[in-house]
Amino acid sequence: PLIVGIFFVGTVYVINVYVIHYSLQLSPDSISSRPRLISGRKHESLYLDKDSTYGRRDSHQYNDIKDPDGLDIFYDTFKLQLLGIIKTPEDQRIRDEGYREHAFNELISSRLSFHRKLPDSRHKLCESVTYQSDLPQASVIICFYNEAWSALLRTVHSVIDKTPPRLLYEIIVVDDYSQNENLHEKIAEYIWNILPHKIKLVRTPQRLGLIRARMYGARIATAEVLVFLDSHCEVNVKWLEPLLARAAENRRNVAIPVIDIINSDSFEYEASPLVKGGFNWGLHFRWDHLPSGYFNEKEAMILPIETPTMAGGLFAINRQYFFEMGQYDSGMDIWGGENLEISFRIWQCRGRLDIIPCSRVGHIFRKRRPYGSPNGEDTMTKNSLRLAHVWMDDYIKYYFQLKPQARNINYGNITDRLELRKKLNCNSFEWYLKYIYPEQTLPDMDNKSPKPLKKYKKSQPARNKATYINTGWLKHKSSGLCVQTEGDIYVKKSLLLLADCIAGNQTQEWSETNDHEFQLSKLLCLDVESSSVSNSYARLMKCHGSGGSQSWIWRSQNKVSQLYNPASGKCLVPFHDAGTTYLTIAICTDNPEMSFKLQSNDKI
Ligand code: UD2
Ligand code: MN
């Protein structure tokens, strides 16, 4: 125990020293020079006053900034937990305020190195892939609104650390008219004093929203390829090369990294499984798992994965192509919908979209969005209406069926987008569903069961009949209770709850399929819808076979065996509500409350 004690104290001490040393090194308060900010027409003068008496440091010297403070260490779970310890009321304040304003644990973020080492989340085979020596250069565009200082700068530093200088032409940081006190000035100062010349900061003249802010950044960029990132990311080893290589093969190739998960509570970095992007008829993005057998050949672990849609935040695209294709719809406000819009447009107008398994970028997935729109408007619905009217032809009816109230919402003028579609001579939405997203199902219009678009199947094999791997109770470990349905086993939408385990009871008999579904009495499927704002309760739904909210993968974290849903990146967990224990999903932790097992009950 003595040795453990010394080790513990030693580690706390070392981490403290790191944190203190680090904040002394880099805190803006220790920077005495205060370059003036000016705004000008030419982008070169937008970020800093060239006449400042404080000369810019020689950019070459900083091109290769790598771990200047010897902080390039790996933070395992234990070290991250230490960073989260609250010792003073001030710590508590930072944590609470951080959750309120950014919806993540800012206390840990602010104590965590900008240069932390990440686990290499790529498949082993990626290590041996080589890329041509004449890859194009990239302009990385990072837009932010009221972002936490630490998260934004860790994003920028990670790009500098992990990108060969010859490939990084510039980083354009677009401040979308943030309202945080002095944030812009502090960042300008930091960039001026600490970062290499190629990091540029611009500020929009008013709050534009992320869609127009990206267009604002793209207009300034000059490299051959544009790479967009959210302002709370950490890029992983060799993240950029595979994206650039893909974009260089053909200018119509749009390349997307695998988005790994930075846990918003613990800041742990976690590899995401290889899945692809889809959407539901409410026009929300979702993850779909790949057909079983997809990875039978090992090569598939490193080859581009054709994806019907992108999540939105992170992708690489040839700059000229981005402009020819009509960038984004500038009529879209603040947040939402632009990811499906650009996905449909790219495919329908003869581009292509792939997820590149060897490129990995971590992103802080939050449980809620910490900001609204200036007039409180629901921008997601407005933006969805715009994209549906421009790109979805008759299929818009399925959206209206799910969201009848959307019919009465004003979505502005879309003439220029319709003209763009005509000018680019794009394919119909039917074509897109038929060739690019054949596994999509049509919703039940007259209360009949969903119609799959199977007859259009292109390359993917038709869905195999379910193969059952295991059958038994789905038992919650810490309570010893079993998951059962509230209603009858054949009633769709019945909520699931925890109850005493009863042998031979059909309402508790779960079968796990090789498609990662959990079917109750081999009829309906365990399903949890998750939106970015809230989760609903787990319930029974008709098995649709396309993964998403019905895909559950066993995972173990510190001996806690969790049921992980890749579509939401969350795990199944009980939720107590007025005397009943329902189930929902939450960010995965090693809390024993998340532990389940499928237990055969035939001997009882
Ligand atoms: C996802 C995407 C996001 C965007 C969004 C749909 C990923 C990882 N993220 O949501 O990029 O496509 O879906 O619209 O795929 N921001 C501004 N101005 C604003 C609001 C936000 O610049 O008015 C910035 C914000 O600071 C952030 C980025 O835009 O860097 C994306 O916003 P988010 O992180 O809130 O979106 P997210 O990840 O929930
Ligand atoms: Mn984000």
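One-based numbering, in listed order, for ligands and for the atoms of each.
- Around the Mn ion (ligand 2), the angle linking D230 (OD2) with H232 (NE2) is 110°, rounded to 10 degrees.
- Between E338 and ligand 1, at least one N/O pair is under 3.5 Å apart.
- Backbone and side-chain nitrogen or oxygen atoms of G337 are examined, and none is located within less than 3.5 angstrom of a nitrogen or oxygen of ligand 1.
- Within the 4.0 Å heavy-atom criterion, the part of D176 lying near ligand 1 is the side chain and not the backbone.
- Contact between R214 and ligand 1 is present, with at least one heavy atom of the residue lying under 4.0 Å from the ligand.
- For the salt bridge (Lys or Arg N to Asp or Glu O under 4.0 Å) test with E306, the passing option among R352, K276, R246 is R352; the others fail.
- Heavy-atom distances between R366 and ligand 1 reach below 4.0 Å in at least one pair.
- Between Y411 and H389, the ring planes are parallel. Angles under 30° get that label, and only those over 60° would be called perpendicular.
- Between F315 and Y328, the two ring planes are perpendicular [angle over 60°; tilted spans 30° to 60°].
- Inclusion of E147 in the set of residues having an N or O under 3.5 Å from an N or O of ligand 1 is not warranted.
- In this pair, H363 and F365 present their aromatic rings perpendicular. The plane angle is above 60°, beyond the 30 to 60° band.
- Between F228 and ligand 1 there is no heavy-atom distance shorter than 4.0 Å.
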Checklist entry - After noting the C-alpha distance and the side-chain angles of Y269 and Y75, does the key distance pass the ring pair (Phe, Tyr, Trp, His ring centres under 6.0 Å) rule? => result CA-CA 9 Å; Y269 187 99; Y75 288 77; over 10 Å; no
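- Only side-chain heavy atoms of Y371 come within less than 4.0 Å of ligand 1; its backbone N, CA, C and O stay farther off.
- Contact atoms of ligand 1 toward C143: 22 (O), 24 (C), 26 (O), 27 (C), 30 (O) (distance under 4.0 Å to a heavy atom of the residue).
- Of the N or O atoms in H363, one or more lie within a sub-3.5 Å distance of an N or O in ligand 1.
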Next on the checklist: For R154 and E147: C-alpha separation, side-chain torsions, deciding distance, then whether salt bridge (Lys or Arg N to Asp or Glu O under 4.0 Å) applies.
Outcome noted: CA-CA 11 Å; R154 192 172 306 105; E147 186 57 271; over 6 Å; no
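- One option in G372, G313, G209, C233 has a heavy atom closer to atom 7 (C) of ligand 1 than any other, and that option is G313.
- Between W281 and F429, the two ring planes are perpendicular [angle over 60°; tilted spans 30° to 60°].
- Where the criterion is an N or O separation shorter than 3.5 Å, residue side chain and backbone included, A213 fails it with respect to ligand 1.
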Item to check | Audit row: K200, E170, salt bridge (Lys or Arg N to Asp or Glu O under 4.0 Å) steps and yes/no | outcome: CA-CA 7 Å; K200 296 161 187 171; E170 62 191 347; 2.8 Å; yes
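- Among G312, A311, G336, the residue whose heavy atom lies nearest to atom 13 (O) of ligand 1 is A311.
- Heavy atoms of M310 found under 4.0 angstrom from ligand 1: none, in either backbone or side chain.
- The Mn ion (ligand 2) is closest to atom NE2 of H363 (considering only N, O or S atoms).
- Between R421 and the options D393, D416, D329, a salt bridge (Lys or Arg N to Asp or Glu O under 4.0 Å) holds for only D393.
- Aromatic ring pairs are classed by plane angle as parallel below 30°, tilted from 30° to 60° and perpendicular above 60°; the pair F114 and H157 is parallel.
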